[in-house]
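This report concerns only the one structure given below.
Chain identifiers are assigned alphabetically (A, B, ...) following the order of the sequence lines, protein sequences preceding nucleic acid strands; residue numbering begins at 1 within each chain.
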Amino acid sequence: MIDWINVLIQAGVTALYLFLAIVIGLLFLGIGRKVTARIHNRVGPPVYQNFIDVGKLLAKKTNIRHNWIFDFAPLFGLAGVLLTLAYLPMGGYRLLSGEGDLILLLYVMVIPALGFALGAGASSNPNAGVGVMRALTLMLSYEMPFLLVLLSIMILYNTASLDVLLSKQMHFAWAIAMLPLSALAADMALQGMMMEKPFDIPLAPHEIASGPMVEFGGKYLGMLMLYSAGSVIVETTLFVDLFLGGGVVLDPATYGILAYVVNYLVWFLLIFVVWLIALFINAVFPRFRIEQAFKFYWKWPTIIAAIGLVQAYIMSAFLGVMP
Amino acid sequence: MDLFTLVSLILIIAMLIAAVVAAEIKDLLSAAIAMGIVSLIVSILFYILQAPDVAITEASIGAGLSLAIMIFAIKHTERWEK
Amino acid sequence: MKRILGGVIAVLIFIVLALAFVHIPFGNIDLAEYHYYNPVDNEHTQDSVPQHYLDEGKKETGSTNIVTAVVVDYRGFDTLGEVTVLFLASTGVGSIMYIFEKEKRRKVRRANAVVETASKLLFGFIILFGAYIFVHGHLTPGGGFPGGAVIASSFLLLYLAYPRFHAEHKNLNIAESLAGLTFVGVGILGLFLAGYFLYNFLPFGLPTYLFSAGVIPVIYVAVGVKVGSELTGIVDAMMGVRE
Amino acid sequence: MIAVHPVLLIAIPLFFAFLLPLIGLFSKKVLKYVVTGTIALNTIIALLVFREALNSPIFDILGGFKPPLGIVLMVGPLGGFIALIINMAGLIISIYGMEMKKEPLVKYYMLSLLLLMGANGMVLTGDLFNLFVFLEVTSIASYGLAAYNKDLKGFEGALKYVILGSIGSTFVLIGIALIYSQLRTLNMLDIATRLNEMDPYVKIVAFTSLFLGFGVEAEMFPLNTWVPETYDGAPHSVSAMFASMSAKAGIFALARVIFTIFAFTNYLWFVVIMGVLTVFFGEIIAYAQRDIKRMLAYSSIGQMGMILMGLGIGTTMAVEGAFFQMFSHAMAKALLFIAAGYMIYATQTEKMSEMKGIGRNPLIGIPLLIGILSILGMPPFIGFYGKFYILMGGFSEGYYAIIALFLAASLVEVAYYARFIKIAFEGGGKRYPSPKATVYIPLLLFAVIIVIFGVYPKPIFEILSHVTTFLTGGV
């Protein structure tokens with residue numbers, strides 16, 4: 001009996017967290033549109049515009065049917081994002097647990113790319129095909145420095161578990177202070193991961209009409225919007241968890257429920273800052289070509305991340321900085 | 001050095017020469033025959049080492065049949081290695 | 001450059017292996033220090049496997065030829081595997097050479113009269129000799145493998161003397177199948193009668209007699225027939241003259 | 001007394017392989033049913049053997065002579081598990097093999113039965129020389145099958161395989177000769193208990209010889225140049241057999257050489273490096289491929305490298321991962337090869353770029369997607385656990401740089417499979433003939449296995465809890 005109640009509470013909390021994450025994501029997208037518009041000296045849509053859009057799209061009836069893959073692809077992407085969210089601690093609270101979280105995340109974060117590939121294939125639109133090939137190349141390019149960054153963190157803190165990583169960051173120091181170079185490389189990778197300018201090559205609205213999403217409309221587009229809202233949260237949270245202690249400032253063991261609330265708010269603040277930085281970069285840079293992006297990623301961030309790796313190795317193996 | 005060692009030594013050296021010839025020569029027919037010679041010497045060595053069972057088998061299969069099969073195979077293709 | 005590199009690698013491998021083979025005793029050595037461990041019953045004994053074969057082989061298998069005792073009885077399963085390897089080789093050659101079956105009959109030159117007559121005369125004797133080798137496998141040196149090879153070489157003689165000659169493929173297949181079935185059948189029979197695959201379940205009889213050593217002669221006859229027909233099949237496939 | 005004799009797993013396919021030519025004389029139509037029936041019988045026996053091996057290791061004495069005088073079959077839980085996998089994969093592939101049209105059919109069925117028998121023998125045997133014999137059986141059957149198409153590609157692949165395979169067998173034989181000359185025994189456990197009596201130099205040379213010899217069959221890095229040509233040139237069902245049967249038997253033999261016989265722990269870094277090189281080169285070259293079967297072959301090399309890495313890391317977790325990876329790779333790669341067979345048949349080309357929209361038929365598309373996701377190691381499928389455990393094992397052992405290479409290679413893997421997914425599910429292609437029952441039934445069976453054990457992997461982990469005894473030199 002007690003078990004059932006626990007399970008129900010767990011499910012409720014999970015749903016609440018995921019729902020909140022999506023809502024925050026939509027809010028961020030709205031803020032993004034507004035901020036970009038202001039930098040471009042436009043008025044821009046209101047912040048709540050995206051909520052209206054999603055509501056309208058999900059209420060629409062879809063007449064375009066291609067085949068089962070077409071129906072399946074947006075769901076696939078959305079499920080991947082939700083799964084990733086469930087593994088990421090948001091404000092120190094995590095829904096699913098596992099031991100090798102960081103390694104697991106690397107797997108799970110690939111799912112959306114596959115969803116993209118599927119969706120693009122399903123709609124036999126040439127723009128979609130181009131977009132997907134670009135997305136795959138982009139993924140190959142930014143994952144290289146990102147892997148090195150992850151590795152440096154794992155070596156320095158000697159753990160692959162996010163829980164341990166967060167508690168170590170809370171008790172000793174944030175990783176951004178320990179590994180500033182890695183943080184820089186990670187931020188560069190983040191820009192590509194979020195597909196913001198100068199790396200919005202796969203989407204490129206003016207060039208290939210949003211790439212993989214070009215054929216989707218109605219409910220499918222609504223789902224894809226939810227998907228992109230979720231992925232904004234995933235990516236910013238990942239950076240915050242890795243380098244900024246995940247927003248955990250109070251230990252839940254001593255402060256109880258208060259700690260959760262405070263941590264959640266701090267986390268929100270931090271991801272907002274990260275998102276704003278990404279937005280500013282987005283607003284002022286022109287778009288790269290894909291081969292430029294590839295060259296860039298395999299040159300500068302990779303070198304910086306490699307130096308960060310060496311630093312982490314020296315700090316952990318020779319200096320023994322982190323217990 | 002007794003006779004036994006001397007004979008084995010000579011046979012082994014001959015075997016080595018035949019093996020190198022089999023690997024290096026461009027005429028495939030000669031290479032096959034050189035391999036047959038290796039098998040023959042091995043079977044003699046087996047006999048000297050008091051293993052008649054293995055010697056019989058090696059002589060009939062190694063020196064006899066496989067040589068014949070190899071020659072048939074060469075007959076189907078070309079005699080000279082390019 | 002490639003050749004030099006290859007030579008250097010070959011010499012290196014030779015040196016490494018030669019240094020290892022130096023440690024292998026040549027000829028008789030003192031076997032007293034060896035003991036063996038039986039993992040099934042988990043017990044240690046002061047004995048050496050080769051010495052056991054020499055001392056107890058005749059008693060345990062009934063075979064006068066210790067090599068045969070080891071090949072067919074102690075390690076009969078390996079022999080079954082080796083027979084299978086030969087079977088596979090013959091099957092593989094047959095499957096690859098299958099393409100030649102459609103090839104037209106080529107113009108061939110006849111051998112001269114001496115060769116033809118002599119091979120006609122010798123053919124029977126060689127087969128007889130081969131059969132002798134494998135029938136007496138448990139008594140004298142030799143056994144199924146050399147016997148079969150000798151039989152195959154008699155067919156080889158016919159192929160050389162009569163270029164148009166070819167053995168009936170169907171009959172060869174039947175012979176090798178039946179021989180193989182006999183071998184496996186004996187094994188399975190042993191499994192059902194005594195609980196051990198390939199168990200020597202027939203009476204040993206008196207040593208040095210033809211009908212002795214239990215299933216060893218049966219297996220060796222099967223192996224001989226099988227090896228003979230398989231090698232003949234390979235030669236036949238390689239000749240490639242068929243309609 | 002043993003209830004089920006493991007030797008039946010070898011004797012039954014052998015018996016029917018010898019029987020097939022006789023059956024073929026009367027009717028060629030029944031052959032395929034006989035073969036499938038035989039393998040089904042074998043699978044049932046494998047299941048029984050496995051169930052019994054879970055309780056206690058089975059020793060099946062052959063010929064009535066106790067080891068080390070005679071030969072013994074030695075089946076532990078893991079051996080039983082691998083044998084079950086091999087037979088199960090063989091059964092499902094044989095359903096696909098029913099479609100085989102190319103003559104000589106009798107020889108095809110005989111060779112495939114004997115390949116199964118050889119792989120079974122390699123897994124079950126407890127005798128080092130017997131292992132060599134079965135290695136020979138497996139590899140010679142493979143040579144014949146690789147050239148079965150009788151076209152230039154097939155011959156080229158088979159020839160490469162013959163040359164490398166013979167060199168590998170020779171090395172195995174040298175290793176066995178060295179061990180026998182020093183210890184006068186061939187039983188694996190006997191060797192293992194008395195290994196320290198050996199001269200240390202001879203021991204290392206023997207280990208290296210055996211390692212290199214089995215490395216050929218296990219597709220290890222410098223010795224795997226035969227893989228792409230052979231997989232590419234062989235008939236599709238045969239490629240599936242290679243990936244799921246002989247490669248698995250080879251890597252299990254390698255595992256036994258490493259752990260059961262030698263119990264080396266201080267040389268294992270060497271294995272890890274070989275493994276990671278295998279992964280890296282396999283995946284990178286696979287990315288550059290344009291032909292589907294070659295891509296799958298190189299990807300297969302990469303997967304085998306992952307298994308090797310897991311074995312080399314040598315902690316319980318990593319070896320569990322390696323065994324899990326054996327299972328998942330056997331299932332998923334066989335599925336992909338069968339699917340590739342259908343796709344090549346339907347599009348009449350091997351070029352991936354011309355296979356637009358081939359996966360739009362759900363009967364092909366769904367299993368294809370499941371197979372690819374499992375190979376990539378996505379969570380709800382079985383491929384995930386293997387990769388994940390190997391990585392975690394490596395992390396806990398401190399192989400950081402190697403893990404980075406591994407992850408980078410996995411990303412490349414994702415990239416090329418995603419590229420293929422995109423093409424396969426793209427619209428605008430031609431209309432393709434829909435698959436026959438002999439194609440989609442095996443595909444669906446494999447897919448069901450992948451999903452079931454992916455969602456509910458507990459039974460597999462219970463089996464793999466025996467890894468601890470395996471690592472300490474048990475059966």
Side-chain angles (χ1 to χ4, degrees), chain C residues 16-17 19-21 23-25 31 34-41 44 48-53 60 73-78 80-82 84-85 87-89 91-96 98-99 170 173-174 176-181 183-185 187-188 190-191 194-200, chain D residues 1 5 7-8 11 14-15 17-22 25 59-72 74 103-104 107-108 110-111 114 117 121 126 129-130 133-134 136-137 140-141 143-144 147-148 150 174 177-178 181-185 187 189-190 193-194 199 201-202 205-206:
Chain C
V16 168
L17 289 182
L19 282 177
F21 275 108
H23 293 273
I24 293 181
L31 296 169
Y34 288 100
H35 62 280
Y36 79 70
Y37 164 68
N38 178 353
V40 178
D41 302 333
H44 294 262
S48 122
V49 176
Q51 203 57 43
H52 185 100
Y53 287 152
E60 284 181 353
D73 216 353
Y74 285 113
R75 305 194 65 86
F77 197 57
D78 281 345
L80 183 58
E82 290 298 347
T84 314
V85 167
F87 179 67
L88 275 169
T91 313
V93 170
S95 122
I96 293 170
Y98 189 82
I99 202 165
K170 206 191 262 178
N173 277 346
I174 293 175
E176 70 183 37
S177 286
L178 285 179
L181 287 177
F183 200 158
V184 185
I188 294 180
L191 188 64
Y196 301 116
F197 189 74
L198 280 174
Y199 186 72
N200 196 342
Chain D
M1 205 55 216
H5 285 269
V7 71
L8 287 176
L14 194 57
F15 188 84
F18 288 148
L19 200 63
L20 279 183
L22 296 182
L25 286 180
F59 291 98
D60 192 358
I61 299 165
L62 302 174
F65 297 102
K66 289 194 171 151
L69 285 179
I71 297 167
V72 68
M74 186 170 80
E103 288 290 328
K107 311 239 182 227
Y108 168 77
M110 277 197 296
L111 287 173
L114 290 174
M117 168 245 177
F129 188 75
N130 206 235
V133 169
F134 282 112
E136 284 287 275
V137 170
I140 292 181
Y143 306 152
Y148 188 80
K150 295 186 273 292
I174 289 175
L178 285 173
S181 72
Q182 294 258 310
L183 296 180
R184 316 251 145 177
T185 181
N187 187 282
L189 291 183
D190 195 5
T193 43
R194 293 176 20 209
D199 186 277
Y201 179 73
V202 178
V205 173

Derivation and outcome, side chain to side chain contact (heavy atoms under 4.5 Å, CB included), residues C:Asn173 and D:Leu22: CA-CA 8 Å; C:Asn173 277 346; D:Leu22 296 182; over 6 Å; no
Mind running side chain to side chain contact (heavy atoms under 4.5 Å, CB included) on C:Tyr196 and D:Leu62 for me, showing each step along the way? CA-CA 5 Å; C:Tyr196 301 116; D:Leu62 302 174; over 6 Å; no
Would you sort out whether D:Phe134 and C:Phe77 count as a ring-ring contact (aromatic ring centres under 6.0 Å, His included), showing the intermediate values? CA-CA 10 Å; D:Phe134 282 112; C:Phe77 197 57; 5.7 Å; yes
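- Remark: D:Leu14 CG to C:Thr84 OG1 distance equals 4.5 Å, nearest 0.5 Å.
- The greatest number of non-hydrogen atom pairs below 4.5 Å with chain D, out of C:Leu198, C:Val184, C:Ile188, is found for C:Val184.
- For the atom pair C:Asp78 CG and D:Glu136 CD, the distance stands at 12.0 Å (nearest 0.5 Å).
- In this structure, the portion of C:Leu191 lying under 4.5 Å from any heavy atom of chain D is its side chain and not its backbone.
- Here the straight-line distance linking atom CG of D:Leu111 with atom CZ of C:Phe87 works out to 8.5 Å at 0.5 Å rounding.
- C:Tyr53 contributes a side-chain N or O that, together with a main-chain N or O of D:Leu69, makes up a donor-acceptor pair within less than 3.5 Å.
- Contact of D:Leu20 with chain C is not made at all, since no heavy-atom distance falls under 4.5 Å.
- At a 4.5 Å heavy-atom cutoff, the contact between D:Val137 and chain C is made by backbone and side-chain atoms alike.
- Side-chain N or O atoms of C:Ser95 include none that pairs as donor or acceptor with a backbone N or O of D:Lys107 at under 3.5 Å.
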Apply side chain to side chain contact (heavy atoms under 4.5 Å, CB included) to the pair D:Tyr143 and C:Leu88, showing each step before the final yes or no. CA-CA 10 Å; D:Tyr143 306 152; C:Leu88 275 169; over 6 Å; no
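- The local environment of OH in C:Tyr199 is sparse, with at most 12 non-hydrogen atoms from other residues, nucleotides or ligands closer than 6.0 Å.
- The nearest pair of heavy atoms linking D:Val202 to C:Ala20 is CG2-O, 3.8 Å.
- Here CG of D:Leu25 is found 5.0 Å from CD1 of C:Ile174. Values are rounded to the nearest 0.5 Å.
- Annotation for C:Gly81 and D:Val133: closest pair CA-CG1, 3.5 Å, computed over non-hydrogen atoms.
- For chain C, the nearby part of D:Tyr201 is the side chain; its heavy atoms alone come within less than 4.5 Å.
- In this structure, CG on C:Leu80 lies 9.5 Å from CG on D:Asn130, to the nearest 0.5 angstrom.
- Residue C:Asn200 holds its CG atom at 7.0 Å from CZ of D:Phe65, rounded to the nearest 0.5 Å.
- Side-chain contact between C:Arg75 and D:Phe129 is present, with at least one heavy-atom pair separated by less than 4.5 Å.
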